[in-house]
Amino acid sequence: MVPEDRLYTKEHEWISIDGKKAKVGVTDHAEEQLGDIVYIELPKKGGNVKQMTPCGVIESVKAVSEIYAPVSGTVIEVNSTLNDHPEKVNQDPYGEGWMFVVEMSNPSEVSSLLKAPDYLGLVKA
Amino acid sequence: MAEPLLFEKSVPGRPGYQLPTLDVPLEPLPTDDLRKDLELPELSELDVVRHFTRLSQLNFSIDTHFYPLGSCTMKYNPKINDELAGLPGFADLHPFQPEHQIQGALELLVLLQKILAEITGMDAVSLQPAAGAHGELTGLIMIRAYFRDRGENRHIVLVPDSAHGTNPATAAMLGFKVVQIPSNARGGVDLEALDAALSPDVAALMLTNPNTLGLFDENTLEIAKRVHAKGGLLYYDGANLNAILGIARPGDFGFDVVHLNLHKTFSIPHGGGGPGAGPIGVKAFLEPYLPLPVITEKKQEASSIHYALDENRPKSIGRVKAYYGNFLHLVRGLAYTLAQGPGGLRKIAEISVLNANYLMQALKKYYDLPYDRICKHEFILSAKRQKAHNVRALDIAKRLLDYGIHPPTVYFPLIVAEALMIEPTETESKETLDRFIEVMIKIAEEAEKNPELVQGAPYSTPVSRVDDVLAARKPNVCWCS
């Protein structure tokens, strides 16, 4: 499942853009590969993130993985529900399982992200 | 649960001890220091003995079951090693005994150091580290000290994605930046990616070889050459040394530091997660940095040798462990090595590799084999085919318990989906290997025809499937009445 209305990274994050704001989560493929997620460490609200640099951690019963920032900017909102309910990422990765919102400092970075068909090709390969 | 907790069996006021009559004045503890809420279980000695004896009978261990846990080298631990380690002259030594009383113990350590140096092709060995990852930590601290001495500020450690997980963890713990090097299609280090990552900032490359795919890197010499050409050092994770024991030596490949796991390759027990023994070997230029104390040998008159513990080594990284390593484990390791001799060590490598390949060839029809080439001591199957029936690697692991077999390592290495990492070791008979093959084929059939059966396993263990997700999300490690 790869929705057409957003962009993707090679590290399996999705990003949904609204003006200068970009909402970020991980893809269905990512949550499926990770298995049951038990803990999520999100970036701090007000902190800065840099494109394709780790800014958080996802821990599942199988492995610990990093969350990469798809774009650079300031974190203006985080989904704190995930602190107590990390399973939302497994249940609804593109909806309630969203992770944080970035106010982009360099919107042109978006051009380096993958479109849905390209991401689909990546995970099918 | 077949055996209740001690807390559940507790009866208030039931003593488990008997004190002699008091023959000194009674001096009560200060009342402020006494806790009233300390709910310790109260049982008789016999209740406690039965409890722990029963628990010990529930063990799933190398002494009771086949244990093909990949990258852990769960070989048989010969009982004679324990017998020798139990000799009063070893077992009753006190770490503060004066040097002249422990000459035999020091001689034993020096002999083991020399043997391990010979096996790995290194110049000097320290037996101090208490585990493999501790050896890694010690080795990397030495590498850091070496570069600081040279005035070089190298802050990057390269780690292939097929390395043991402790490699990046160790480097990160020391504040190094970890850069991961991808594998190529044959499961070795991608040389182009290595070249791209090499720079004057790289302190070391840590190579697990054979790697966690069970494959020996065919480009090892080339890798060593390229890292050295850029001034970096080479760290060899020897956890998988079983596969090349007596055949090839990391020192000859060009490696500067190596750690060994005596609790894997040299048959000492893994024992409940520790303690182990993770000696390190280094090339001569790193010898000044070895941890304290270093055992020195001094020839005396009448051709006898005096062994001393040298603490005066200005470049040393200092102590990494109290006293002198896990001494009795080192006795076990030496006993094993001497019993094998050079020919025996080589045979260990040959048979462990043969056993792994025997299993791999028999099972590759029934499970996906992502790297289909001759393996070393272990190999990786993928449960991708079984996943189509909603049976995961985890389910297969649990089902093996019902057949009296300890599961292989699962979901590692991370570069293989639904990985099952199988290492039979050299100490298993052909009959045991054949039974494992039979059981794995049976489980593959079950996965296809009766997936629910596998998904619900195990059925025959004292505790059936545990909810590991709940345990991780809401850990509850206290017993509360």
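In the text below, chain A, chain B and the rest are named by the order of the sequence lines, each starting its count at 1.
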Let me confirm one number: the NZ-CG distance from B:K474 to A:D84, rounded to the nearest 0.5 Å. 8.0 Å

Can you check whether anything in [range] gets within less than 4.5 Å of chain B, heavy-atom wise, and list it by number?
| range | value |
| --- | --- |
| residues 18-46 of chain A | A:E32, A:Q33, A:D36, A:I37, A:V38 |
| residues 87-115 of chain A | A:E87, A:N90 |
| residues 60-80 of chain A | A:V61, A:K62, A:A63 |

Set of side-chain hydrogen bond (donor to acceptor under 3.5 Å, both in side chains) partners for B:E418, sequence neighbours left out: B:Y411

B:K387 NZ: over 12 foreign heavy atoms closer than 6.0 Å: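 Atom NZ in B:K387 is crowded, with more than 12 foreign heavy atoms closer than 6.0 Å.
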
